[in-house]
Amino acid sequence: MNITFENPDKINGKLTLVVEESDIAPRVEKALKDYRKRANIPGFRPGQAPMSMLKRQFGPSVKMEETYKFMSEALNNYINDNKINALGEPLPNEEAEQVDLSKDGPYTFVFDIAVAPEFDVDLTAADKLTHYSIAPNDKEVEERINVQRGQLGKQVNVEEYQANDMLRGDLRELDAEGNTKEDGMTISEAVLMPTYFANQDEAKKFDGCKLGDIITFNPKNTYQDRTAALASLLKISKEEAEKVEADFSFQITEISRHQDADLDEDFFAQACPGKDIKTEEDYRAEVKESLAQQFAFTADQQFHVDLRKHLEEKVGELTYPEAILKRFMAARNKDKDAKFIEENFAPSIKELTWSRIKSVLAQKLDIKIDQEDVNATAKEMCRMQYAQYGYANLPEEFYEQGAQEMLKKEEQLNNVIEFAVENKLVAKAKEVVTLDEKNVSWDEFRKMVAPEA
């Protein structure tokens with residue numbers, strides 16, 4: 001066996017592997033002997049089939065399999081031993097001659113290897129970055145409380161309609177004179193929420209209505225071009241709904257209104273499970289602390305964004321072996337066309353550059369990840385996902401179960417590991433760089449990071 005590697009421009013590598021017949025023959029012989037021991041071939045006792053017959057029947061396929069195994073091992077060993085920073089797997093050179101394994105060796109295989117561009121990057125006290133400290137105010141605490149009260153509230157029946165109430169009743173199609181149409185549509189237990197009507201003139205017909213009232217309105221006007229919603233209300237097909245023009249009567253049989261939860265101990269137990277909260281004062285303190293933790297996490301996320309931008313600017317634009325990487329990307333996305341590759345190549349290069357920057361800095365800053373870090377990161381990711389929907393204080397077992405499920409999936413596991421590395425990188429960067437600490441409100445922070453919002 002002989003391997004040569006050419007890399008004149010430092011990023012487009014060409015590896016030539018010459019495999020001799022003597023490299024493969026012993027492996028083929030061993031594989032056939034192993035197969036002979038366990039093969040069940042009619043007419044022969046196990047392990048007694050003639051080798052000449054096995055070589056004739058299975059020799060070519062075994063030779064191909066062993067050749068590619070040998071080649072894969074040789075490539076990996078050479079790349080690792082020579083510390084070639086390869087991006088992705090080696091790809092067969094498109095201009096090389098096809099290897100014919102039915103002939104005697106030697107066999108020459110040529111591969112293209114995308115080599116990562118070399119660069120250096122570091123973090124020191126000379127690097128200056130802003131870090132925000134966000135304290136929740138009374139308004140934000142009240143908003144979070146209102147959200148939780150709404151989530152844990154209930155529907156109550158009332159006698160008179162107000163905006164946002166839900167109406168339940170019987171719909172009947174009317175004729176041109178306003179009478180119930182014989183053989184017309186009748187829908188029992190229909191549900192309406194006039195506040196969300198597309199046509200507010202129709203919604204106003206329900207203002208001040210009471211239980212038992214009969215309201216005449218036009219569903220077609222109510223839903224305008226929302227044919228699917230009209231079809232759902234009348235329990236007909238969209239095609240049938242498009243033909244509906246008539247007025248309908250709606251006799252109200254129930255008016256229900258959402259009522260926010262009271263600030264009592266039952267609510268505190270649901271809103272803050274696992275916390276022994278008895279008073280409104282303690283509950284408000286807990287909400288404030290929860291918001292402070294959420295804001296601190298958000299501030300760290302922004303620091304991460306700013307740190308990444310800072311490092312990308314320090315490194316500058318890197319030159320990659322585009323042709324090889326596009327081929328590699330196409331091989332990984334066989335169901336996608338050339339347009340997909342072109343549209344997604346630049347974003348993938350941006351992420352690849354960031355991944356390389358993290359790798360270089362992880363070595364320089366001695367950042368290491370263990371299983372404890374991975375578990376803790378997965379748990380924290382679950383915690384933040386729940387918090388986005390207003391569930392900020394669930395029992396710990398919720399987060400632990402979610403983390404374990406997350407780690408069972410390879411793609412999510414890789415994301416968790418990347419996030420764990422970035423968490424440690426952010427923490428280490430705070431220790432190394434010069435921080436410009438800024439105390440801001442949540443509103444001020446949002447305007448700074450998303451001024452268009």
Out of curiosity, [X] [atom1] to [Y] [atom2], how far, rounded to the nearest 0.5 Å?
X	Y	atom1	atom2	answer
Glu418	Ile369	CD	CD1	10.0 Å
Asp373	Ile417	CG	CD1	10.5 Å
Asp34	Glu29	CG	CD	10.5 Å
Leu101	Glu21	CG	CD	9.0 Å
Asn85	Ser359	CG	OG	7.0 Å
Gln302	Arg446	CD	CZ	13.5 Å

Test salt bridge (Lys or Arg N to Asp or Glu O under 4.0 Å) applied to Arg383 and Glu380, step by step:
CA-CA 5 Å; Arg383 190 187 305 278; Glu380 188 60 29; 3.4 Å; yes

Quick one: does any side-chain atom of [X] pair with a main-chain N or O of [Y] as donor and acceptor, under 3.5 Å?
X	Y	value
Asp127	Thr124	yes
Asn82	Ile84	no
Gln293	Ser290	no
Arg149	Ala261	yes
Lys238	Ala231	no
Asn7	Ile11	yes
His258	Gly150	yes
Thr434	Ala125	yes

So do the side chains of [X] and [Y] get within less than 4.5 Å of each other, counting heavy atoms only?
X	Y	answer
Asp282	Phe268	no
Ile3	Leu15	yes
Met185	Ile236	yes
Tyr68	Met71	yes
Gln98	Asp100	no
Leu325	Ile349	yes
Asp264	Phe267	yes
Val141	Leu291	yes

Should the heavy atoms of other residues, nucleotides or ligands under 6.0 Å from [atom1] of [X] be counted, would the total exceed 12?
X	atom1	answer
Glu372	CD	no
Lys409	NZ	no
Lys430	NZ	yes
Gln371	CD	yes
Phe398	CZ	no
Lys326	NZ	yes
Lys235	NZ	yes
Asp138	CG	no

- Under the salt bridge (Lys or Arg N to Asp or Glu O under 4.0 Å) criterion, do Glu351 and Arg308 qualify, and how do the steps go? CA-CA 11 Å; Glu351 291 306 312; Arg308 172 171 174 168; 2.8 Å; yes

For a quick test of reading the model, state the closest non-hydrogen atom pair linking [X] to [Y] and the distance between them.
X	Y	result
Pro92	Arg327	O-NH2, 2.7 Å
Pro117	Thr319	CB-O, 3.4 Å
Leu129	Asp306	CD2-O, 4.0 Å
Glu20	Met1	CG-N, 3.8 Å
Leu91	Phe328	CD1-N, 3.6 Å
Ala31	Val62	CB-CG1, 3.7 Å

Is [X] salt-bridged to [Y], going by a charged N under 4.0 Å from an acidic O?
X	Y	value
Asp366	Lys428	no
Glu444	Lys447	no
Glu280	Arg284	yes

For Tyr107 and Phe109, take the angle between the two ring planes, folded into 0 to 90°, and tell me which bin it lands in: parallel under 30, tilted 30 to 60, perpendicular over 60.
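If you compare the ring of Tyr107 with that of Phe109, the planes turn out tilted.
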
task: Report the C-alpha distance between Thr67 and Val99 in whole Å, list the side-chain angles of each, state the deciding distance to 0.1 Å, and finish with yes or no for side chain to side chain contact (heavy atoms under 4.5 Å, CB included).
output: CA-CA 11 Å; Thr67 300; Val99 175; over 6 Å; no

>> Under the criterion side chain to side chain contact (heavy atoms under 4.5 Å, CB included), I'd like the reasoning laid out for Asp120 against Lys364: C-alpha separation, chi angles, the key distance, then a yes or no.
In response: CA-CA 10 Å; Asp120 190 32; Lys364 286 200 171 189; 2.5 Å; yes

| query | How about Phe445 and Phe295: are their ring centres within less than 6.0 Å of each other? | reply |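 Centroid separation for Phe445 and Phe295: 6.0 Å or greater.
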
inquiry  = For a side chain to side chain contact (heavy atoms under 4.5 Å, CB included) check, start with the C-alpha distance between Ile324 and Asn12, then their side-chain angles and the critical distance, and finish with the verdict.
reply    = CA-CA 8 Å; Ile324 301 177; Asn12 288 281; 3.6 Å; yes

For [X] and [Y], which I'm curious about, is there any donor-acceptor pair between the side chains at under 3.5 Å?
X	Y	result
Glu422	Trp354	yes
Glu400	Gln404	no
Thr353	Tyr320	yes

- Pick from Gln148, Glu142, Glu143: which one makes a side-chain contact (heavy atoms from CB on, under 4.5 Å) with Asn146?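 Running side-chain contact (heavy atoms from CB on, under 4.5 Å) over Gln148, Glu142, Glu143 with Asn146 returns exactly one hit, Glu142.
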
For Glu405 and Lys408: C-alpha separation, side-chain torsions, deciding distance, then whether side chain to side chain contact (heavy atoms under 4.5 Å, CB included) applies. CA-CA 5 Å; Glu405 288 301 315; Lys408 290 178 182 178; 3.0 Å; yes

- Check the pair Lys309 / Glu312 against salt bridge (Lys or Arg N to Asp or Glu O under 4.0 Å), numbers first and verdict last. CA-CA 5 Å; Lys309 182 179 179 182; Glu312 287 173 338; over 6 Å; no

- request: Run the numbers on Glu65 and Lys69 for salt bridge (Lys or Arg N to Asp or Glu O under 4.0 Å), then give the verdict.
  value: CA-CA 6 Å; Glu65 182 179 350; Lys69 281 183 182 179; 3.4 Å; yes

